[in-house]
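Structure, as structure tokens:
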Number of protein chains: 2
Amino acid sequence: MGNRRPTVREIAKIAQVSVATVSRVSRGTGQVSPEMRERVLRVIEEYGYRPSQMGRALAEQKHGSVAMVFPGLAGPYFSELIQGFESEAMAVGASVHILATHHRAGAGEQVLTMAERVDGMAVHGGTLSDDALRRVAERVPVVTLAGRSMDGVPAVRADNTTIGELTRHLLLDHGYRRLAFVGNPDGSPDVTERWEAFKAAHRAAKVSAPREPLRLGLQQSDGVIAAGELLEGRRRPRAVVCANDETALGLLIGALGRGLSVPADVAITGFDDVPMASLVQPRLTTVRQPIRELGATTARLLISGLGGPGAVMDAVLATEPVLRESCGCTTTRRSESKGERT
Amino acid sequence: MGNRRPTVREIAKIAQVSVATVSRVSRGTGQVSPEMRERVLRVIEEYGYRPSQMGRALAEQKHGSVAMVFPGLAGPYFSELIQGFESEAMAVGASVHILATHHRAGAGEQVLTMAERVDGMAVHGGTLSDDALRRVAERVPVVTLAGRSMDGVPAVRADNTTIGELTRHLLLDHGYRRLAFVGNPDGSPDVTERWEAFKAAHRAAKVSAPREPLRLGLQQSDGVIAAGELLEGRRRPRAVVCANDETALGLLIGALGRGLSVPADVAITGFDDVPMASLVQPRLTTVRQPIRELGATTARLLISGLGGPGAVMDAVLATEPVLRESCGCTTTRRSESKGERT
DNA sequence: CGTGTTGCTGTAACCGCTTTCAGCGACCAT
DNA sequence: ATGGTCGCTGAAAGCGGTTACAGCAACACG
């Protein structure tokens, strides 16, 4: 049974029609008379014909797939991002490549290689140097996800300045001083912006500048490590603003494990509003960002840009503070939601 | 400027050689005289020629990419799995497609579609029905990841029976009774096997059969929910065996949040040995499985199988109990490691 | 009846690369 | 001198689709 999958030409011969007609029927384009369509369909059905993606890709000059590039994949954030992206990609029949560089050496090359196989690429902030990004962008349409936009590379990101509102809340509403920030501003544009907003809020509130950030990663385990750094010494900060929820959760676990009370001994806030944030005790005060929507918007931008050189535009999705107990509030408050501006 | 990327023919014309020679030079196969190679290389360099993956794919009849299919992506488990898989795939220059079905309707179709674009596919247990899997497998080489093997579909998995050893430890070494199991045996083959091993250990220890498992998902948030279910009532279990670490961690957080002491009031164990397991207080007793290796082995199997129909074999990676404080042990013990059997 | 339309179909030229096979000097052994 | 490798090169035939273009019959209109 050495019968491989049938090709258009074989189907055409069997159905006694031309390849053009088979193609027209199989992809539903152009004019085909009912009886002809019927005949071709029957043969296609009988022989289980499915057009080869390779042949199609070559003829149409498009791969039919898009890629996402991340520094890593750990945590619910990436999972949500991918989910949002994938759902939009699926909608247009594109499949999704994923590359997690893990800051591997030679990641740049891998991204280039991948660029040869896709119609568009979403690169997460903090993954590639500007230079590497530019090189990729000249091969394939790129949109930056959670990063700064560049020349011809649009960006989709969330409004990180809201962490400033949270900081103001801590500073003025609760009257806390000695706030610490956990997260590495050099690690990703997101953290950079959050750190800047954190500092700006201090200036705006006219309190002395915060100390240097505790430069750690964004995983739960980093939060636990942060607890060791921050909560052991005698000058424990009154509140800790974490660059994301995972870190905040880790910190919370570390604090509780040390017998500290949150928020009485130390207040904690995060960023993202992941599911766990509202499940822990005390519940986590944070900033909600529409992660899945972020992924979906990125995919849409990439796919639409795929057609023609449409208006290259950035998108900034709105975020909102979510005040729960971990900051010292007793009743949940959510600030009025703000419209999405693109 | 309307200059697209150069093609083989253009390069050939410019370098005054045949396309065959350009192809030979660019892919480093066959015999080419030094001066000819030099000449071609120079033109390739100057014009920035990079062979089109589409053309190549069609000619070689291989896509140059492999896929992984999961039910979801949340948690460090999948992240590690992907990392292991990706590193092996990269090694042979293949890029990685990822599809998370999220139990979406129509996922079956999407997997089929994806199957048309890749040279091989790893399907995680609990993602597809046997029937759907079979349909996919007749289109493209498949290996099951963390699931049961089938007809022509090899499987790579970890030894789940070790959770039985852990159960025995709880039952006999610590003398606990009233153990609960958290995890949905119908959700994935992994959980099925763990639940079976849990039950088997009860039989072996000649203690009465455990009550029905608490059927929840495998995320941290599910663990928190489990805490609500299990720890509130008057007949609280003495120990809880969770299907994975994430759930155990969530349960631990829930228990601590309720003011319970672990392991004094309730002992908790997990499965995976994720980084957080050794960072929480008390540290989590668990079963270590080589997740990354699982991913890497899967990739290797897929890629080697890609060549010819080599011996279709299963692989079972060894796991080992890691006894820490959450089960009631006071000093860390790791059972002697067992060799890997494939 | 001549002349457009309209609707459908088929031929053949791509898309960009790989690879077989034949050809052609140069070199070696007879 | 002759036949047989050996090393290198190029022409051309795919790989499996899509689609521009031409052709043809049927039909409507003046």
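Quick note on labels: first sequence line is chain A, next is B, and so on, each numbered from 1.
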Is it true that A:E293 and A:R300 have a side-chain N and a carboxylate O under 4.0 angstrom from each other? yes
Pairwise side-chain contact, A:R56 with A:S26, heavy-atom cut-off 4.5 Å (strictly under): yes
Taking any atom under 4.0 angstrom from a heavy atom of chain B, which nucleotides of DNA chain D are the first and last to qualify, 5' to 3'? D:dC8 to D:dG16
Applying the side chain to side chain contact (heavy atoms under 4.5 Å, CB included) criterion to B:L145, which one of B:V123, B:T298, B:T127, B:T297 satisfies it? B:T298
Angle between ring planes, B:F78 versus B:F70, binned at 30° and 60°: parallel, tilted or perpendicular? perpendicular
Could A:E116 and B:R5 be called an ion pair, given the rule that one side-chain N must be under 4.0 Å from one carboxylate O? yes
Is the closest basic N to carboxylate O distance between B:E38 and B:R42 below 4.0 Å? yes
Apply ring pair (Phe, Tyr, Trp, His ring centres under 6.0 Å) to A:Y77 and list each qualifying residue two or more places apart in sequence or on a separate chain. A:H124
Show which side-chain atoms of residues 132-144 of chain B pair as donor or acceptor with protein atoms under 3.5 Å away, not counting sequence neighbours.
| unit_1 | atom_1 | unit_2 | atom_2 | d |
| --- | --- | --- | --- | --- |
| B:R134 | NH1 | B:D151 | OD2 | 2.9 |
| B:R135 | NH1 | B:D131 | OD2 | 3.3 |

Residues within residues 30-47 of chain B bordering DNA chain C, heavy-atom distance below 4.0 Å: none
Under 4.0 Å protein heavy-atom contacts per nucleotide of nucleotides 16-27 of chain C, with B for base, S for backbone only and - for none: BBSB--------
Can you list, pair by pair, the side-chain donor-acceptor contacts under 3.5 Å of residues 103-111 of chain A, counting residues two or more places apart and other chains?
| unit_1 | atom_1 | unit_2 | atom_2 | d |
| --- | --- | --- | --- | --- |
| A:R104 | NH1 | A:Q110 | OE1 | 2.5 |
| A:R104 | NH2 | A:A100 | O | 2.9 |

Quick one: does any side-chain atom of B:H63 pair with a main-chain N or O of B:R117 as donor and acceptor, under 3.5 Å? yes
